[in-house]
Amino acid sequence: MRRILVVGLSNVGDAVLMSPVIERLHQRFPQAELTLLAGDRAQALFAHDPRLAQVITLDEFSGWIGRLRLVGLVWRQRPDLLIDLRQTMLPLVWKPWRCWRYFWPVPKRIVHMRTRHLWKLHMALGSRFKVRGNDLEPGASNLERSSMWISPEDEAAVETLLRRRWGVPTDGRLVVICPGARSHIKRWYADRFADVADQLIEQDGVEVIFSGEPDETPIIQEVLKSMRHPAHNAAGCTTVRQLAALMRQTSLVITNDSASLHVAGAVGTPVLALFGPTDPAKYGPTGARSRVLQRRLFCVPCEQALCEFHHECMRFLSVDEVYRAAKGILEKAGGGSCRLGTPPAVLVPHGTAAGGGDLPSASPAHQRILVIRLDRIGDVVLSTPVLQALRDAYPRAFLAMMVRPVCRELVEGNPCVNEVLLYDKDGRHRGILSTIRFARGLRRHHFDTALVLHPTNRSHWIPWLAGIPVRIGYDRKSGWLLTHRVPHRKQEGARHEAEYAVEMLRVLPAPDGGPGGLEPPRVLSPYVPIHPAAEAGVARLFQERGVDGASPLVALHPSASDASKRWPAERFAQLADRLVESCGARVVLVAGPDDARHARAVEQAMRRRPLNAAGALSVGELAVLLARCRLLVSNDSGPVHVAAAVGTPVVALFGRCQPGVNATRWRPLGPRHVVLDTSDPSRFTAIAELSVEEVFAAAISVLSKKGSDP
């Protein structure tokens, strides 16, 4: 074998993953003239490499003229062996009778790109290639650690940078952090990189060096500005091979999915890789002590250039998780790769559940639980104590909640929830086929437990179609699809809706594995997160409408889902005028877009002009506005529970006294609220009996209490 031509890749990371091919060819044919044809970004990696006789730049944007020149180059080279890693048409020009080896599909069992390149090499050589997971052939599992060539000049340059320029001690531990990536959706956040670096410096006494390509300098400068401790900036100060020499002297590399990940792996340095939309099975680190952190969301890995959601795969990676993983590697306690929220074993039946069926077995460390609630805003808010109880009982579980799109902001940002799944039963998921597709998509989450807090046919069919092994819910509306059924007694109205929700937790196993189920919490505290974007939206609204904060804000919600729950609009108007005249309050009218007509009726009947925000607020902005109010006066509706969750006192008007729909089940939770209801249980629509005087008196009593300010 005299001449070998390798058609390589262009990006630096791809070129590093390709370097074991160069090393293996050099070992097998040491006397051959080895030529590499690669993109210009790979030139810095292979320039002056003694294993290569020649490195030729491949111009990817040269058009047909460039392709013809490439064909001519192959004819002039007349290689004895052609290794095509780009899947070009050159094998047809070189030796057509052997081209089948280059177009043969790579087996699905070979996933990692480095291993796929080696498979193509062995196919070209006509030799057998055995793969076990990500391991190479027997006896070659450590080949990738020596696949990069580093010159003595590169090592001397790094020595000068460390010792003379920065004065880094030779006996200290170094950590290299690479916060950049060519695609912005693969980047973790600069302030979080800064927090991790500060913790490593403070608690572990390491020297932190930030590195990246020259165009990533602004990202690193943003990280350095957010840090409390000084760190070193090597961005643009090193070539690719010098970066490899630097990483060879460090204890750990923390990086996004970028070229730095593969450079560190090529020199045998442990890597903590933060993955989002890309697949670590294809591009992850290969070292024994390296680790991968990735949130296993329903869309991960999407491998798309644009994110149609909110970059959740990177946003849900916390500083604490990254720091603990880095510390574990530094202490030589970590090993192997792990994806956050990896699916555990299926729960095994154990014990006896109230209402029929057996208790699931005790939760493993990474249990995956789906909470389903597909009804209205107030119902979702009253279900949030279930999320807190689950997080307290199973702190390492992957917890997701499935809600309607309108309720997304009520759950997204809740510290107990890893992911929010949206099911649009009135829109894109309305039909049977779309529901089946949605349920099949849930299989990618590998949930082992589904908790259905409100019985509907869809809520029971979806987890069954998704193949979730443990399905807990009420014994009505296709309840036979559940594995554990709880008697449905909500219509009796003996308890609060939030109490009914947390009582279902008894079906789950105790976290200590003891007898009986999970004990529900005694204190029920609904939670609604406050989003910065929603705060900005409310601030703009107040600025446009001239709200300066000098007058106390009082919100009125005159709407409700049912006419029997609506206090007359003219009485809301009289109440609003009296609050303005007696307390100097600034009245804000709130309602959803579909109910804005009720707010307009109140505004038209008022003598004083209110701030009518009906239909102008998202659910998240409604929570922010209510948090700034001194009081909410509302019919029995969702904003009652949103206000209670953000700490605003409520005067709630109830017109129905029948069991299951009265204040016993639907009152606001908390000590500072006032519930006004009628006393005639024989009448279904009796809210008109509530007078303006008694509602005004209740509002004044709440406003006059100390500590009523939020």
Side-chain angles (χ1 to χ4, degrees), residues 1-96 98-99 101-102 113-114 116-127 143-144 146-155 157 238-245 259 262-263 266-267:
M1 194 74 66
R2 293 187 303 164
R3 298 187 186 89
I4 302 175
L5 176 63
V6 178
V7 183
L9 305 171
S10 302
N11 293 330
V12 175
D14 296 326
V16 175
L17 291 174
M18 178 192 69
S19 58
V21 173
I22 304 297
E23 178 66 19
R24 185 157 294 185
L25 285 170
H26 178 68
Q27 289 181 353
R28 182 161 180 178
F29 308 106
Q31 303 301 323
E33 181 181 302
L34 186 57
T35 300
L36 174 64
L37 184 64
D40 56 352
R41 293 179 62 87
Q43 293 295 310
L45 181 64
F46 294 106
H48 309 295
D49 191 326
R51 299 172 297 183
L52 298 172
Q54 189 179 9
V55 180
I56 302 174
T57 302
L58 173 63
D59 189 356
E60 300 179 81
F61 305 100
S62 57
W64 284 105
I65 296 178
R67 292 186 177 93
L68 291 175
R69 289 175 180 173
L70 185 59
V71 171
L73 173 65
V74 174
W75 276 107
R76 289 194 303 271
Q77 289 281 331
R78 289 193 178 94
D80 300 310
L81 177 64
L82 175 66
I83 309 297
D84 184 9
L85 302 179
R86 297 177 65 94
Q87 290 187 319
T88 67
M89 303 302 291
L90 289 178
L92 289 173
V93 178
W94 176 61
K95 291 182 180 179
R98 295 189 61 182
C99 67
R101 294 181 176 179
Y102 300 94
M113 293 306 298
R114 176 183 55 82
R116 293 171 71 91
H117 295 328
L118 288 170
W119 183 88
K120 293 178 182 179
L121 167 64
H122 282 250
M123 282 294 294
L125 294 175
S127 57
L143 180 62
E144 72 276 11
S146 60
S147 57
M148 280 193 65
W149 178 75
I150 302 174
S151 69
E153 292 78 13
D154 296 326
E155 294 179 339
T238 61
T239 65
V240 177
R241 289 207 304 256
Q242 289 171 357
L243 176 61
H262 308 299
V263 172
V267 296

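Quick note: numbers below take in every heavy atom, side chains included, and nothing from hydrogens, waters or symmetry partners. Numbering of residues begins at 1 and proceeds along the displayed sequence.
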In Å, rounded to the nearest 0.5 Å, how long is the span from [atom1] of [X] to [atom2] of [Y]?
X: Gln31; Y: His26; atom1: CD; atom2: NE2; value: 9.0 Å
X: Glu155; Y: Gln242; atom1: CD; atom2: CD; value: 11.0 Å
X: Asp154; Y: Thr239; atom1: CG; atom2: OG1; value: 5.0 Å
X: Ile4; Y: Leu81; atom1: CD1; atom2: CG; value: 5.0 Å

Could you tell me whether the side chain of [Y] reaches within less than 4.5 Å of the side chain of [X], counting heavy atoms only?
X: Asp49; Y: Leu36; answer: no
X: Leu5; Y: Ile83; answer: no
X: Leu52; Y: Trp149; answer: no
X: Asp14; Y: Met113; answer: no
X: Leu121; Y: His117; answer: no

Go through Val21 and Leu118 one step at a time and tell me if the side-chain contact (heavy atoms from CB on, under 4.5 Å) criterion holds. CA-CA 6 Å; Val21 173; Leu118 288 170; 4.1 Å; yes
How close do [X] and [Y] get, counting heavy atoms only, and between which atoms?
X: Ala38; Y: Leu9; result: CB-O, 3.4 Å
X: Ala47; Y: Arg241; result: O-NH1, 2.5 Å
X: Ala259; Y: Gly13; result: CB-N, 3.6 Å
X: Leu17; Y: His262; result: CD2-ND1, 3.5 Å
X: Ala266; Y: Val16; result: CB-CG1, 3.8 Å

